[in-house]
Amino acid sequence: MIATARRVLAQLRHDPRTLALIAVVPCVLLTLLWWVYDGGPVFQQIGGSLLGMFPVIIMFLITSVATLRERSTGTLERLLTLPLPKASFVLGYGIAFGLVATVQALLASALMMGPLGLDPQGPWPLMVLVAVLAALLGMSFGLFVSAFASTEFQAVQFMPAVILPQFLLCGLLVPRDEMPRALELASDVMPLSYVVDAMTEVTRHESPDVLMPLTIVVGFIVALLLLGAATLRRRTP
């Protein structure tokens with residue numbers, strides 16, 4: 001497990017473009033949106049939700065493509081010949097990408113609450129925690145979805161199907177309780193909705209109640225990792 005995590009981290013360390021995508025792109029996008037709204041009330045209102053949303057998108061892309069590359073090159077199948085539980089490989093990938101996701105969330109949170117001036121009503125460590133869990137959620141989605149793609153291009157194609165509906169229904173554009181009932185029910189089974197719920201609580205309330213939404217997000221992360229472990233029996237086409 002630790003050896004797998006070290007190997008994945010070593011590969012990422014030698015890939016400057018991927019590191020830039022992880023560390024720089026979310027910060028650039030958040031800064032661009034701050035500029036668009038001139039840092040005004042609208043940015044203060046949606047900034048927290050965006051801080052939870054971008055890590056999901058970025059880590060989904062990074063993890064799905066990187067894992068698919070492992071499958072397509074046969075590296076993953078060779079590792080599976082070793083007498084180790086499949087769960088240990090998934091945990092190894094989870095640890096490596098989880099560390100990267102945590103760094104990304106910390107950088108984006110520092111930018112938002114520093115130079116961009118986001119002022120959450122709730123405690124800022126809780127906002128960082130939600131951002132980290134959001135990044136881990138994106139990582140878990142990427143690990144799971146990579147099993148259903150044959151090429152890196154196909155892995156990217158899953159993003160409109162997996163992430164975009166969640167973006168539309170998560171409550172960022174329209175509050176979830178103001179949507180048509182069918183769409184509200186659909187949003188109830190989408191984990192990004194609970195990331196936005198938690199961020200909204202932290203940004204608007206001094207004593208936010210985030211136990212339920214964060215428990216659901218953690219549940220989705222665990223479930224997706226277990227499903228990712230189940231797909232390791234698939235062979236490269």
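Note that the structure is predicted; figures quoted are calculated from it, not measured.
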Report the distance from atom [atom1] of [X] to atom [atom2] of [Y], rounding to the nearest 0.5 Å.
X: Met59; Y: Leu136; atom1: CE; atom2: CG; result: 8.0 Å
X: Leu30; Y: Leu50; atom1: CG; atom2: CG; result: 6.5 Å
X: Met179; Y: Asp177; atom1: CE; atom2: CG; result: 9.0 Å
X: Leu183; Y: Glu178; atom1: CG; atom2: CD; result: 13.0 Å
X: Gln104; Y: Leu99; atom1: CD; atom2: CG; result: 13.0 Å
X: Leu172; Y: Ser193; atom1: CG; atom2: OG; result: 11.0 Å

In sequence, state the C-alpha distance, the side-chain angles, and the governing distance for Met190 and Phe167, and then conclude on side-chain contact (heavy atoms from CB on, under 4.5 Å). CA-CA 10 Å; Met190 296 179 176; Phe167 168 75; over 6 Å; no
Side chains of [X] and [Y]: does their closest heavy-atom pair fall under 4.5 Å?
X: Leu137; Y: Leu224; value: yes
X: Leu129; Y: Leu126; value: yes
X: Thr31; Y: Trp35; value: no
X: Phe43; Y: Met112; value: yes

Looking at [Y], is its backbone amide N or carbonyl O close enough to the side chain of [X] to form a donor-acceptor pair, meaning the two atoms are under 3.5 Å apart?
X: Ser109; Y: Leu106; answer: no
X: Tyr194; Y: Cys170; answer: no
X: Gln121; Y: Pro208; answer: no
X: Glu201; Y: Val210; answer: no
X: Thr63; Y: Phe60; answer: no

Minimum heavy-atom separation for [X] and [Y], please, with both atom names.
X: Ile58; Y: Pro26; value: CG1-CG, 3.9 Å
X: Ala110; Y: Pro115; value: O-CD, 3.7 Å
X: Leu214; Y: Ala198; value: CD2-CB, 3.8 Å
X: Pro191; Y: Val217; value: O-CG2, 4.1 Å
X: Leu51; Y: Met127; value: CD2-CG, 3.7 Å

Same cluster or not: [X] versus [Y], using hydrophobic residues (I, L, V, M, F, W, Y) connected whenever any side-chain heavy atoms lie under 4.5 Å apart?
X: Val42; Y: Trp34; answer: yes
X: Val28; Y: Val25; answer: no
X: Val162; Y: Leu226; answer: yes
X: Ile216; Y: Leu225; answer: yes
X: Met199; Y: Leu173; answer: yes

Test Val56 against Leu192 for side-chain contact (heavy atoms from CB on, under 4.5 Å), laying out the working first. CA-CA 8 Å; Val56 175; Leu192 190 56; 3.9 Å; yes
Which one of Val196, Val195, Leu29 satisfies the side chain to side chain contact (heavy atoms under 4.5 Å, CB included) criterion with Met53?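 For Met53, the side chain to side chain contact (heavy atoms under 4.5 Å, CB included) test succeeds with only one of Val196, Val195, Leu29, which is Val196.
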May I have the step-by-step check of side-chain contact (heavy atoms from CB on, under 4.5 Å) for Val103 and Ile22, ending in yes or no? CA-CA 9 Å; Val103 172; Ile22 293 171; over 6 Å; no
Verdict with reasoning, Gln44 to Thr203, per side-chain contact (heavy atoms from CB on, under 4.5 Å): CA-CA 8 Å; Gln44 293 291 329; Thr203 54; over 6 Å; no
